[in-house]
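Contents: one structure, followed by commentary.
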Amino acid sequence: MIPERFKVYDVVGPDADMFAIHGELKVAGLAIPEPEIGRRLSALQKITQRDFHMEVLHEFGYEEVADIFVRVNSGGRALKTTDLALATLSARTPGFLGQLESESARWAQHGYGALDVNFLIKALTLSLSTTGTRLASVAKLTAASREMVEAGWEKVQRGLAQVVPLLSEKLLIPTTALIPSLAALHPLILYYGRQPQGTKIATEVENGLLYWFLTATARNRYGGSTDTTLTQDIRMLDAEDPVAALLANLGIHDRGLSVSAGDLAGRNHQSPYLMFCYLAAAHAGATDWWDGGPISEGVEKSGKPQYSLVHPATKLRAHSNKFSSVEINEISNIVFVSEQTAKNIIGSRSPAAYMPGVGASDRTAHAIPNDPAVLESDGYRDFLAARRALLAERITALLDQFRPGFLTEDDIEAEASTSQSLVLAGYTGAGRSVLTAEAEVDGQSWVGWIDPTDFEAALDAAATGLASDVPVGDETAPLRVDDEGSVTFGLGPFVIRGPLDQWRAAVKDAFKDAQPLSECPEPNDDQWSAEPGEFPLSNTGVTRA
């Protein structure tokens with residue numbers, strides 16, 4: 001397999017073969033023009049022509065070296081809180097990193113591989129914090145004694161031992177790959193970690209905490225900067241009724257949360273509602289159409305949810321109705337089945353052709369509408385409307401299973417949903433690549449063209465804390481980064497916010513199945529006239545073939 005990346009030493013070392021590296025990158029399938037590959041390799045090789053200042057420190061203790069490391073790097077390129085915390089812990093308690101890795105490996109065996117060392121460090125830092133405006137501050141851990149760290153670590157382990165089984169056995173979440181933001185787990189871990197060993201939590205409280213987790217996920221509570229939000233929520237754990245206090249932070253006071261068909265309109269696989277659609281199918285006992293096993297088996301084998309489009313994209317794109325990418329990739333067109341089902345049963349056929357082979361009970365479990373007309377491509381929009389209604393009903397019923405008794409069924413405070421979506425798509429051809437942003441707000445459309453090279457350069461700058469103005473057609477759009485590493489990008493009708501690594505993943509995904517440049521939609525000539533609204537990156541989709 002040809003690699004898409006190389007070690008820096010392979011480029012700048014004395015035995016570097018630039019011609020060979022350039023050739024391998026050229027055929028690796030990168031969404032980068034060939035001349036740009038050469039320019040980037042040349043720029044990297046020029047590192048050898050620069051002078052770097054070095055200070056060599058002698059006869060310092062390990063903890064003193066770690067303290068210098070923290071101070072120097074905090075003043076230059078901002079390190080993550082977890083980087084600084086790990087340096088402190090490694091100096092104070094040699095071998096502690098091994099404990100973190102062991103705990104992470106334990107949960108990876110249960111499908112929760114995203115509970116990695118960084119996540120555990122964040123949990124530990126939060127467990128030590130009780131005062132201040134930012135509980136996740138590394139200063140809390142730096143000032144903590146070894147005994148305090150050990151006590152905090154025990155709380156983290158105790159909390160994980162309670163929370164993971166709750167999520168996997170009670171909610172039926174088999175993997176962290178389904179959870180949009182792992183930050184929502186921290187208040188749960190801290191709550192259970194603070195309870196003495198062997199404490200029995202009342203069923204109503206337990207269900208209430210799970211209800212908060214579900215509603216916080218549905219409302220994308222941790223879609224942007226998380227430290228401030230975590231501080232607000234963790235403080236509620238000390239309230240007389242922590243469940244009510246946590247829900248109050250979400251604006252839920254007297255009435256429960258209901259999910260409507262409108263909430264699912266325009267959403268795609270990157271929406272928080274993907275998890276809910278999976279859970280709706282899992283709790284209904286849905287099975288795979290190829291081997292008949294529960295849908296969780298595919299997740300456990302691959303480590304991530306497996307799904308396909310009910311109405312194949314190839315069929316819809318060729319249809320005279322000219323369905324948009326937003327419509328084709330909507331979450332209501334997703335069904336959780338294995339790759340074998342997608343290839344051998346669905347393929348490029350319309351559901352009218354293959355659905356008769358699926359049992360009636362399993363069609364019901366997967367929330368497939370019964371009307372034969374909507375299984376034809378002509379009835380696709382009616383299919384979306386019907387399935388949105390079925391999924392919304394299922395998701396609301398799932399929420400109601402855990403709803404606290406002090407909440408009534410309907411949330412009259414919920415406002416009518418605004419129909420809005422944003423899809424990133426990659427197009428290539430004739431040595432050129434274009435990243436498009438296709439936005440829709442209440443029926444109004446906007447398309448922007450972005451040079452992926454310019455955008456990647458802006459993301460690289462954001463990684464060092466620098467802001468940029470990115471060309472979008474004939475205009476420019478601001479890309480900014482805050483102190484917590486969250487990146488915002490003003491684009492058409494939206495100011496999109498999300499972590500840097502999520503931005504990089506979104507761009508990479510957009511070009512995984514790049515479409516021909518000849519099919520690229522034309523950009524809008526004018527800027528969006530209305531005031532842009534905030535849009536979480538987790539709600540932004542990418543097109544799929």
Compare every heavy atom of [Y] with every heavy atom of [X], then report the nearest pair and how far apart it is.
| X | Y | result |
| --- | --- | --- |
| Gly256 | Arg403 | CA-CD, 4.1 Å |
| Pro404 | Gly208 | CG-CA, 4.0 Å |
| Val487 | Ala462 | CG2-CB, 4.2 Å |
| Gly285 | Asp362 | O-OD1, 4.2 Å |
| Ala367 | Leu391 | CB-CD2, 3.9 Å |
| Tyr211 | Leu257 | OH-N, 2.8 Å |

Hey, can you pull the donor-acceptor pairs under 3.5 Å for the side chains in residues 158-178, sequence neighbours left out?
from	atom 1	to	atom 2	distance (Å)
Arg158	NE	Gly193	O	3.3
Arg158	NE	Gln195	O	2.9
Arg158	NH2	Gly193	O	2.8
Ser168	OG	Val164	O	3.0
Ser168	OG	Pro165	O	3.4
Lys170	NZ	Glu206	OE1	3.2
Lys170	NZ	Asn207	OD1	2.9
Thr175	OG1	Gly111	O	3.1
Thr175	OG1	Ala177	N	3.1
Thr175	OG1	Gly303	O	3.3
Thr176	OG1	Ala114	N	3.2

Side chain of [X], backbone of [Y]: donor and acceptor closer than 3.5 Å?
| X | Y | result |
| --- | --- | --- |
| His366 | Thr287 | yes |
| Ser271 | Tyr273 | yes |
| Arg480 | Leu466 | no |
| Thr125 | Ile121 | yes |
| Ser102 | Gln99 | no |
| Arg387 | Ser332 | yes |

Just checking [X]: does its [atom1] atom have more than 12 heavy atoms from other residues, nucleotides or ligands closer to it than 6.0 angstrom?
| X | atom1 | result |
| --- | --- | --- |
| Gln340 | CD | yes |
| Gln232 | CD | yes |
| Gln502 | CD | yes |

Stepwise side-chain contact (heavy atoms from CB on, under 4.5 Å) test for Tyr222 and Leu230 = CA-CA 8 Å; Tyr222 296 99; Leu230 275 174; 3.8 Å; yes
Check the pair Arg221 / Asn249 against side-chain contact (heavy atoms from CB on, under 4.5 Å), numbers first and verdict last.
-> CA-CA 9 Å; Arg221 173 74 171 161; Asn249 277 355; 3.6 Å; yes
Rounded to the nearest 0.5 Å, what separates atom [atom1] in [X] from atom [atom2] in [Y]?
| X | Y | atom1 | atom2 | value |
| --- | --- | --- | --- | --- |
| Ile496 | Thr488 | CD1 | OG1 | 9.5 Å |
| Ile395 | His283 | CD1 | NE2 | 11.5 Å |
| Lys122 | Leu120 | NZ | CG | 12.5 Å |
| Ile234 | Leu246 | CD1 | CG | 9.5 Å |
| Leu250 | Asp233 | CG | CG | 7.0 Å |
| Phe406 | Asp254 | CZ | CG | 9.0 Å |

Less than 4.5 Å apart, side chain to side chain, heavy atoms only: is that true for [X] and [Y]?
| X | Y | result |
| --- | --- | --- |
| His269 | Ile334 | yes |
| Leu115 | Arg106 | no |
| Cys277 | Tyr307 | no |
| Phe119 | Asp116 | yes |
| Leu97 | Val117 | yes |
| Leu247 | Leu407 | yes |

In terms of the angle between their ring planes, are Phe489 and Phe455 parallel, tilted or perpendicular, with boundaries placed at 30° and 60°?
->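 Because their plane-to-plane angle lies in the 30° to 60° range, the rings of Phe489 and Phe455 count as tilted.
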Return the orientation label for the Phe494 and Phe535 ring planes: parallel under 30°, perpendicular over 60°, tilted otherwise.
->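 Because their plane-to-plane angle lies in the 30° to 60° range, the rings of Phe494 and Phe535 count as tilted.
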Regarding Asp263 and Ser260, is there a side-chain donor-to-acceptor distance under 3.5 Å anywhere?
->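 Short answer, yes.
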For Phe213, check ring-ring contact (aromatic ring centres under 6.0 Å, His included) against everything at least two apart and list the hits.
->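 Testing Phe213 for ring-ring contact (aromatic ring centres under 6.0 Å, His included), a comparison that skips the adjacent residues, returns none.
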Between Tyr191 and Val205, does a side-chain contact (heavy atoms from CB on, under 4.5 Å) hold up when you go through it step by step?
-> CA-CA 11 Å; Tyr191 177 83; Val205 174; 3.6 Å; yes
Please test Asn268 against Asn329 for side chain to side chain donor-acceptor pair (under 3.5 Å), starting from the C-alpha separation and ending with a verdict.
-> CA-CA 6 Å; Asn268 49 55; Asn329 293 282; over 6 Å; no
Do Arg219 and Ile252 pass the side-chain contact (heavy atoms from CB on, under 4.5 Å) test, and can you show the C-alpha distance, the side-chain angles, and the key distance before you say yes or no?
-> CA-CA 11 Å; Arg219 290 194 166 179; Ile252 298 175; 3.7 Å; yes
Looking at Asp460 and Arg504, does any basic side-chain N land under 4.0 Å from a carboxylate oxygen?
->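 Salt bridge present between Asp460 and Arg504.
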